[in-house]
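All ligand and atom numbering here is 1-based and tracks the order in the structure.
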Amino acid sequence: MDTSRIDGQVVLVTGAASGIGHAIARACVAEGVTVHLADVSDAVHTEAGKLSGTGNGTVASHVCDVRDRDAVRALVDDVVAASGRLDIAFLNAGVNGAPSLLQPGGAIDELSFEEWRRVMEVNLDGLFHCLQHSARVMKRQRSGSVVVTASTAGLRAEPRVSYPYVASKSAVVGLVRQAALELARFGVRVNALAPGPVVTNIGGTGPRPASSVAAWEDSIPMRRWGRPEDVAGMALLLASGAASWMTGGVHVVDGGASALTQIGSDALPAPDTTAP
Ligand SMILES: NC(=O)c1ccc[n+]([C@@H]2O[C@H](COP(=O)([O-])OP(=O)(O)OC[C@H]3O[C@@H](n4cnc5c(N)ncnc54)[C@H](O)[C@@H]3O)[C@@H](O)[C@H]2O)c1
């Protein structure tokens with residue numbers, strides 16, 4: 001048996017219209033699976049259309065906002081109604097875009113509650129809904145694999161990203177571990193990916209300034225940002241039989257960035273020199 005393959009499985013990918021989710025969906029189609037792409041953006045239909053026929057897999061697309069519990073329930077029910085089961089769930093939808101510690105409005109006493117909730121509602125509440133409904137089906141099947149996209153920002157403090165992003169991804173790691181603990185006896189594995197900086201549309205702000213790109217690269221031993229494909233490979237590995245004894249893990253994919261113990265003083269907020 002080739003345990004590194006996932007062919008023949010029924011797969012759901014959330015946040016599949018763009019970036020890492022799209023790369024995972026593309027890799028799944030190449031592996032010959034039935035893949036259901038879901039996204040809040042209706043671009044998911046176009047993107048699914050483009051993937052159709054690129055491999056042996058079957059492609060379906062769904063517009064679904066992961067913040068909406070009823071919509072997530074309906075999404076999972078639709079997948080099962082169409083394909084008979086749900087073997088693998090890549091729970092990947094996420095947002096950022098709130099100001100970092102180094103940007104105006106990003107300090108704890110400046111950050112708006114609206115920005116906090118905007119990120120938490122997708123990254124944490126949305127994941128909770130997706131995990132709950134995927135688990136409901138997988139427990140019944142007595143098999144399944146869930147791969148959640150967390151972040152290295154969920155493993156340490158990170159001045160270049162926002163409070164709600166770090167807090168949501170830290171909570172995601174806890175949710176994954178707790179779910180792995182519960183679901184192991186049902187034959188369901190739950191793992192997290194923790195990517196470092198990857199070139200995608202996250203934040204929705206278009207191309208990043210060269211200074212920001214360079215600052216991140218300085219903290220990556222491999223000296224480049226990740227590509228969505230770099231993360232998709234690990235995602236499929238975790239979902240496959242090659243990872244059959246792996247659950248509750250957080251798997252870093254970051255060009256070596258986490259191997260460093262410090263990121264350089266230039267990435268820290270400047271010392272406060274003002275008098276109290
Ligand atoms: N890009 C990075 O540097 C990086 C690093 C670590 C982790 N991540 C994580 O990777 C995941 C994918 O992000 P990406 O970088 O590919 O960004 P992206 O913006 O390219 O893709 C995210 C997708 O999620 C969708 N989405 C957003 N809100 C949604 C909602 N409410 N319901 C359903 N879909 C929704 C978007 O429409 C988009 O298609 C996220 O969880 C993100 O936090 C990204």
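Classification of Arg224 and Asp230 as a salt-bridged pair holds, one side-chain N sitting under 4.0 Å from a carboxylate O. Taking a cutoff of 4.0 Å between a charged side-chain nitrogen and a carboxylate oxygen, Arg26 and Glu47 do not qualify as a salt bridge. Of the charged side-chain nitrogens involved, at least one lies within less than 4.0 Å of a carboxylate oxygen, so that Glu31 and Arg5 count as a salt-bridged pair. Under a 4.0 Å N-O distance rule, the pair Asp125/Arg117 qualifies as a salt bridge.
Short contacts between ligand 1 and Cys64, defined as distances under 4.0 Å to a heavy atom of the residue, involve ligand atoms 32 (N), 33 (C). Below 4.0 Å from some heavy atom of Asp65 lie the following atoms of ligand 1, by number and element: 30 (C), 31 (N), 32 (N). Residue-ligand proximity, Gly19 to ligand 1, at heavy-atom distances under 4.0 Å covers atoms 16 (O), 20 (O). Taking every heavy atom of Thr149 and a limit of under 4.0 angstrom, the matching atoms of ligand 1 come to 9 (C), 10 (O), 11 (C), 41 (O). Below 4.0 Å from some heavy atom of Val95 lie the following atoms of ligand 1, by number and element: 27 (C), 28 (N). Every atom of ligand 1 with a heavy atom of Gly196 under 4.0 Å away is listed here by number and element: 3 (O), 5 (C), 6 (C). The Asn92 neighbourhood of ligand 1 comprises atoms 10 (O), 11 (C), 12 (C), 40 (C), 41 (O), with distances under 4.0 Å to a heavy atom of that residue. Residue Ile20 has at least one heavy-atom neighbour below 4.0 Å for each of these atoms of ligand 1: 10 (O), 16 (O), 44 (C).
Evaluated by nearest non-hydrogen atom to atom 42 (C) of ligand 1, the leading choice among Trp225, Trp216, Tyr165 is Tyr165.
Looking at atom 24 (O) of ligand 1, its nearest protein heavy atom turns out to be Gly15 CA, 3.4 Å. For atom 34 (N) of ligand 1, the nearest protein heavy atom (residue, atom name, distance) is Val40 N, 3.2 Å. The single protein non-hydrogen atom nearest to atom 13 (O) of ligand 1 is Ile202 CD1, 3.9 Å, given as residue, atom name and distance. Protein heavy atom closest to atom 3 (O) of ligand 1, with residue, atom name and distance, is Val198 N, 2.8 Å. Annotation: atom 20 (O) of ligand 1 to nearest protein heavy atom, Ser18 OG, 2.5 Å. Considering only non-hydrogen protein atoms, atom 6 (C) of ligand 1 sits nearest to Pro195 O, 3.3 Å. Scanning all protein heavy atoms for the shortest distance to atom 22 (C) of ligand 1 gives Gly94 O, 3.9 Å. From the protein, the heavy atom lying nearest to atom 14 (P) of ligand 1 is Thr200 OG1, 3.4 Å.
Here the side chains of Leu127 and Val148 are in contact, with some heavy-atom distance below 4.5 Å. In this structure, Leu193 and Val147 have side chains that are in contact, with non-hydrogen atoms separated by less than 4.5 Å. Val250 places a side-chain heavy atom less than 4.5 Å from the side chain of Leu155. Counting heavy atoms from C-beta on, the side chains of Met138 and Leu86 come closer than 4.5 Å.
Between the side chains of His36 and Ser83, a donor-acceptor pair is found at a separation under 3.5 Å. In this model, no donor atom of one side chain and acceptor atom of the other lie less than 3.5 Å apart for Ser41 and Asp39. Checked by atom type, the side-chain pair Thr14/Asn92 shows no donor-acceptor distance below 3.5 Å. Gln9 and Arg85 share no side-chain donor-acceptor pair at under 3.5 Å.
Ligand 1 has an N or O atom lying under 3.5 Å from an N or O atom of Val66, backbone or side chain. On a distance-only criterion, Ala16 and ligand 1 share no N/O pair closer than 3.5 Å.
Residue Ala150 places a heavy atom under 4.0 Å from ligand 1. Heavy-atom separations between Glu121 and ligand 1 are all 4.0 Å or longer. Using a 4.0 Å cutoff on heavy atoms, Gly126 does not count as a contact of ligand 1. Under the 4.0 angstrom criterion for non-hydrogen atoms, Asp39 is in contact with ligand 1. For Gly226, the closest heavy-atom approach to ligand 1 does not fall below 4.0 Å.
Side chain of Asn96 to backbone of Ile202: no donor-acceptor contact under 3.5 angstrom is found. With hydrogens and angles disregarded, a donor-acceptor distance shorter than 3.5 Å links the side chain of Thr247 to the backbone of Val190. A donor-acceptor contact shorter than 3.5 Å is absent between the side chain of Asp254 and the backbone of Pro197.
Here His22 has no heavy atoms under 4.0 Å from ligand 1, in either its backbone or its side chain.
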